[in-house]
Amino acid sequence: MKAKIVVRTFPAVITLLLSVLLLAGVTRMSYAETSGDVATLERSSQAIVNVVKKAKPAVVHIKVEKTAKSSTFGGQVPDEMFNHPFFEQFFGPYYRQQRPQPREFKQRGQGSGFIISKDGFILTNNHVVEEADVISVTLSDQREFEARVVGTDPQTDVALLKIEDPANLPVLPLGDSATLEVGEWVIAIGNPFGLSQTVTVGVVSATGRSSVGINEYENFIQTDAAINPGNSGGPLINGRGEVIGINTALFSRTGGYM
C-alpha cells in the first residue's frame with residue numbers, strides 16, 4: 001500500500017521541482033533583461049550629461065538695451081503725419097511747440113549666444129541684438145562683459161559679437177547640419193525666461209523647413225526640444241557636442257513652448 005502511494009506521488013514531486021527550476025530561470029532571465037535595459041538607459045543618460053557638461057560653459061546670456069520713442073497717439077496715428085504743413089497753417093505758428101512730442105524710453109531684451117573662438121567671438125540671432133545701444137554678455141561663471149557687433153546678416157537672422165577677455169574662453173565646435181537625420185537626439189541650451197543655462201532635450205522632427213515666414217532665407221531644423229522666449233540665439237547641439245543650429249523661433253498659441 002505504501003509503495004503504491006510512493007509511485008503515484010513521485011511524478012508530482014518531479015513536476016513541482018521542474019516548475020520551480022523553470023520559474024527560477026525565467027526570473028533570472030527577466031532580471032537580466034531588466035538590468036540590461038537599465039544599464040542602457042544609464043549609459044544614454046550619462047552620455048547626454050557629459051555633452052552638456054562640456055557645452056554649457058560656452059553658452060552665454062545676452063542682455064540688450066535700446067532707445068525707443070513712444071508714439072504721440074499710442075501708435076494709432078503715425079507721428080510723421082503731423083509734420084505736414086497743413087497742421088501748422090490750421091493751428092498757427094506755435095503748433096510745433098505746443099503739440100505733444102514723442103518721448104524716448106529704454107527698451108530691454110534678452111537672449112542667448114555661444115562662444116565659437118577662444119578670443120571672444122560669439123554667435124547669436126540678429127533679432128536679439130538688432131538696433132541695440134548696449135549689449136551685455138554674461139558667461140556661465142557670472143563674469144559680465146560689454147560686447148560689440150562685428151557683423152550681422154538679417155536675411156538669415158545671424159549676428160557675430162565680440163567680447164574682450166584676456167583669459168582663454170570655452171568654445172563650442174561647429175558641426176555639419178547637412179548630415180543631421182530625422183529622429184536624431186539634439187540638445188538645446190539657453191536662457192528661457194531669464195533662467196540661465198537651461199537644458200532641454202528632444203529629437204529632430206524635420207529638416208529643411210522653409211516658407212515659415214520668419215527670414216528671407218529659411219532652412220530650419222524642426223525639433224521637439226522645448227524652446228521658449230530667451231532661448232533665441234542659443235545653440236542646438238548634436239550627440240557629439242557640436243553646434244548644428246541656432247535656436248531662432250518657436251511655434252506657439254500661448255507664448256510658451258508647443
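Numbering of residues begins at 1 and proceeds along the displayed sequence.
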Report summary line: side-chain contact (heavy atoms from CB on, under 4.5 Å) with Thr248: of Asn125, Asn231, Ile227, only one passes, and it is Asn125
Requested in this report: Using modelled atom types only, decide if a donor and an acceptor are shared between the side chain of Thr200 and the backbone of Ala225 within a distance under 3.5 Å.
Outcome: no
Query - CD1-CZ distance between Ile122 and Arg148, expressed to the nearest 0.5 angstrom - result: 11.5 Å
Report task. Ignoring hydrogens and angles, state whether a donor on the side chain of Thr156 or Asp153 is under 3.5 Å from an acceptor on the partner side chain. Result -> yes
**Report entry** Residue pair Ser117 / Val171: nearest heavy atoms and the distance that separates them
**Finding:** C-CG2, 3.5 Å
Query - Side-chain heavy-atom pair Val204, Thr223 within 4.5 angstrom cut-off - result: no
Report task. List, by chain and then residue number, the residues other than Leu172 in its hydrophobic cluster (Ile/Leu/Val/Met/Phe/Trp/Tyr, side-chain heavy atoms under 4.5 Å); write none if there are no others. Result -> Ile48, Val51, Val52, Val59, Phe114, Ile116, Phe121, Leu123, Val150, Val158, Leu160, Leu174, Trp185, Ile187, Ile189, Val199, Val201, Val203, Ile237, Val243, Ile246
Requested in this report: Determine whether Leu236 and Val128 fall in the same hydrophobic cluster, where Ile, Leu, Val, Met, Phe, Trp and Tyr are linked whenever their side-chain heavy atoms lie under 4.5 Å apart.
Outcome: no
Requested in this report: Quick one: do Glu144 and Ser136 satisfy side-chain hydrogen bond (donor to acceptor under 3.5 Å, both in side chains)? Show the steps, please.
Outcome: CA-CA 7 Å; Glu144 191 168 338; Ser136 176; 2.5 Å; yes
Query raised in the report: Looking at CG of Asp119 and CG of Leu169, how far apart are the two atoms once the value is rounded to the nearest 0.5 Å?
Result: 8.0 Å
Query raised in the report: Can you tell me how far OG of Ser112 sits from CD of Gln197, rounded to the nearest 0.5 angstrom?
Result: 9.0 Å
Query raised in the report: Between Leu139 and Ile115, does a side-chain contact (heavy atoms from CB on, under 4.5 Å) hold up when you go through it step by step?
Result: CA-CA 9 Å; Leu139 307 187; Ile115 304 169; 4.1 Å; yes
Query raised in the report: In Å and rounded to the nearest 0.5 Å, what is the CD1 to CZ distance from Ile221 to Arg209?
Result: 12.0 Å
Requested in this report: Answer with yes or no whether the hydrophobic clustering places Phe220 together with Leu180; edges join I, L, V, M, F, W, Y residues whose side-chain heavy atoms lie under 4.5 Å apart.
Outcome: no
Query - Minimum heavy-atom distance Pro192-Asn228, with the two atoms named - result: CB-CB, 3.7 Å
Report task. Go through the side-chain N and O atoms of Asp133 and Thr67 and say whether any donor and acceptor fall under 3.5 Å apart. Result -> yes
Report summary line: Note: Pro170 and Ala58 closest approach over all heavy atoms is O-CB, 3.6 Å
Query raised in the report: Which heavy atom of Asn238 sits nearest a heavy atom of Glu184, and at what distance?
Result: CB-OE2, 3.8 Å
Report summary line: Here the pair of heavy atoms bringing Thr124 nearest to Ser232 is OG1-O, 4.4 Å
**Report entry** Inter-residue atom distance Leu195.CG - His61.NE2, 0.5 Å rounding
**Finding:** 9.0 Å
**Report entry** Heavy-atom closest contact (Val182 atom, Ala206 atom, distance)
**Finding:** CG2-CA, 4.0 Å
Query raised in the report: Is any NZ, NE, NH1 or NH2 atom of the basic residue among Lys162 and Glu164 found under 4.0 Å from an Asp or Glu carboxylate oxygen of the other?
Result: yes
Query - Atom pair NZ (Lys66) and NZ (Lys106), whose distance is rounded to the nearest 0.5 Å - result: 12.0 Å
Query raised in the report: Is there side-chain contact between Gln110 and Thr138, with heavy atoms separated by less than 4.5 Å?
Result: no
Report task. Please answer whether the main-chain N or O of Asn126 pairs with a side-chain N or O of Asp157 as donor and acceptor at a distance below 3.5 Å. Result -> yes
Query raised in the report: Would you say the side chain of Ile163 lies within less than 4.5 Å of the side chain of Val60, judging by non-hydrogen atoms?
Result: no
Query raised in the report: Between the side chain of Asn247 and the main-chain N/O of Pro235, is any donor-acceptor distance below 3.5 Å?
Result: yes
